[in-house]
Amino acid sequence: MTDTAWIDAALTSARPQAVGALLRYFRNLDTAEEAFQNACLRALQNWPQHGPPRNPAAWLIMVGRNVAIDEVRRHRRQDPLPGDEAISDLDDAEDALAERLDGSHYRDDILRLLFICCHPDLPATQQIALALRIVSGLTVKQIARAFLVGEAAMEQRITRAKARVADAGMPFETPGAVERAERLSAVAAMIYLIFNEGYSASGDTLEARAPLCEEAIRLARLLLRLFQSEPEIMGLTALLLLQHARSAARFDAEGALVLLDDQDRSLWNQKMIAEGLALIDKAMRHRQSGPYQVQAAIAALHARAAKPEDTDWTQIDLLYGALEIMQPSPVVTLNRAVAVSKVRGAEAALDMIEPLGPRLSNYFHFFGVRGAFLMQLNRNEEARVAFDRAIALANTSAEAAHIRMHLDRLIRDSAPSGSGIPKK
Amino acid sequence: MLYAILCYHDEDFVGSWTREQDAVVMQKLSVVQDKLAKQGRLGPVARLLPTTSATTLRKEDPPLVLDGPYAETKEQLLGFYVVDCRNLDEALDFARELGAVNPGGAYEIRPVGVFMPGSIPA
């Protein structure tokens, strides 16, 4: 690694703690961010010569605070700034000071920083953009690219989101146990949103958005390190790892979506799977189930199956049943139906999803799944209608291409018999 | 003499590497390891999963299971080597070579008292 790449990694990893502490100190997001930026500039000047400090976050907090305070003084009295040497020698004494000032708070600092990004007034995309900017420190350009908008538009969006957050007032008091739990669950949801933004990408957006998955995993691990005994945070981290482990197998060379059953499982990332399985194991020990743990457990059953036919669909059906109780949603039922089709056949699965029609009448996957069940039952004409509807509702070209493949197969299969008359 | 080389580093920092950066470091480390391996002096090598996946069993009565690593430290135990070296200097030389391609953090070099190669195939 080159020198600067090394420093970049150190600055990135120290960012949430440093900005979080500076925010608590200045109580203003812009000032905190600016102070952090200034501290980073000093770090780029100092660290190559003096080597990195033993605690980069503490160094950045101290320097950021000092520079900002000097700035205020300079405006007041035009005092000269201290030389860089004066702040380059931050050693263990400063380290200990920063530790005393901030060590006891840093857990809540980072949580607060994440939490202000999930303000309920902000639409999901703005929450994500704000978190990526403030917590992860991605540039506006990087975020704009991921959302397929211009840089200026993204800049404006982030500025507006920040203003909204500032207007709403930030929670600086140390949270009680209940508030902490609420914050934690809001933050977990936002991290999952970031992940899904990356996970749902395909084709043209794949390259730009794939880093969002890795960023979400990094944030989930960060959160888990702060809250080590929270089974749902273990579950969330496991879920992200187990899903992301399949990323290399999810698209073919042409960028078309490859379904789970058809994926080349040798492309799955075994290290991520091992970590995910370890985390879900740990979470289960607590016997406090929750939606992330259940979803992770489902992903774990897929990950454990060496071949598609080894998949324990009975267990997956049961887990989706549990999820339906925790988080009732037609989409969960739709997913459960896929498991049911494997265990009890397409007829039972079709019965299960039929009542969902009115609520999922604009949902691509509903018609894709329905078409697949109908096809299995050789009700080809009805299947074709469902697939047509799915194509009309497809969100990405990869989704549409996938359904078209089913349609082609239907046409091919029905061609010899010369009609679309159901065979059953 | 067998030495264990215990690798400590800031986990947040290592976790901030991009996949490419990570791969570059691993590749460079493998070059250093290969030299010892060719001389039949490289024992087991392990890179541990993040401390978030760790569980600690405190051997109290009754034993207590805790989430997380044994100790909360600024730098975490992220992996280890077992190497066969003539003396401490030689072990230090190897650690220096490893450190040159993977800077930051620290290596703790500990002579091994009892060594059992184990039975797990690589």
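Quick note on labels: first sequence line is chain A, next is B, and so on, each numbered from 1. Since the structure is predicted, the reported quantities are computational estimates derived from the model, not experimental observations. All heavy atoms count here, side chains included; hydrogens, waters and symmetry mates do not.
Nearest heavy-atom pair, A/Phe36 versus A/Leu11, reported as atom, atom and distance to 0.1 Å: CZ-O, 3.9 Å. Annotation for A/Trp59 and A/Ala39: closest pair CZ3-O, 3.6 Å, computed over non-hydrogen atoms. In terms of heavy-atom proximity, A/His286 sits nearest to A/Ser229 at CE1-O, 3.6 Å.
Looking at heavy atoms from C-beta onward, B/Leu48 lies out of side-chain contact with B/Leu78 at the 4.5 angstrom threshold.
Defined by atom type and a distance below 3.5 Å, a donor-acceptor pair is missing between the side-chain atoms of B/Thr51 and B/Gln76.
For A/Ala10, the parts lying under 4.5 angstrom from a heavy atom of chain B are both the backbone and the side chain. In this structure, the portion of A/Glu214 lying under 4.5 Å from any heavy atom of chain B is its side chain and not its backbone. Using a 4.5 Å cut-off between heavy atoms, B/Val65 contacts chain A through both its backbone and its side chain. With a 4.5 angstrom heavy-atom cutoff, A/Arg218 touches chain B only via side-chain atoms. Contacts between A/Leu224 and chain B at a heavy-atom distance below 4.5 Å involve backbone atoms as well as side-chain atoms.
Among residues at least two apart or in separate chains, there is no salt bridge (Lys or Arg N to Asp or Glu O under 4.0 Å) pair with a member in residues 239-250 of chain A. Among residue pairs with one or both ends in residues 233-242 of chain A, none qualify as salt bridge (Lys or Arg N to Asp or Glu O under 4.0 Å); sequence neighbours excluded.
Near-neighbour residues of residues 231-239 of chain A relative to chain B, defined by a heavy atom under 4.5 Å from a heavy atom of that chain, comprise A/Met234.
Of the possible polar contacts, none joining the B/Arg58 side chain to the B/Tyr70 backbone as a donor-acceptor pair under 3.5 Å is found.
Counting heavy-atom pairs under 4.5 Å between each of B/Pro69, B/Gly15, B/Ala54 and chain A puts B/Ala54 at the top.
Remark: A/Arg304 engages no residue in a salt bridge (Lys or Arg N to Asp or Glu O under 4.0 Å) (not counting sequence neighbours).
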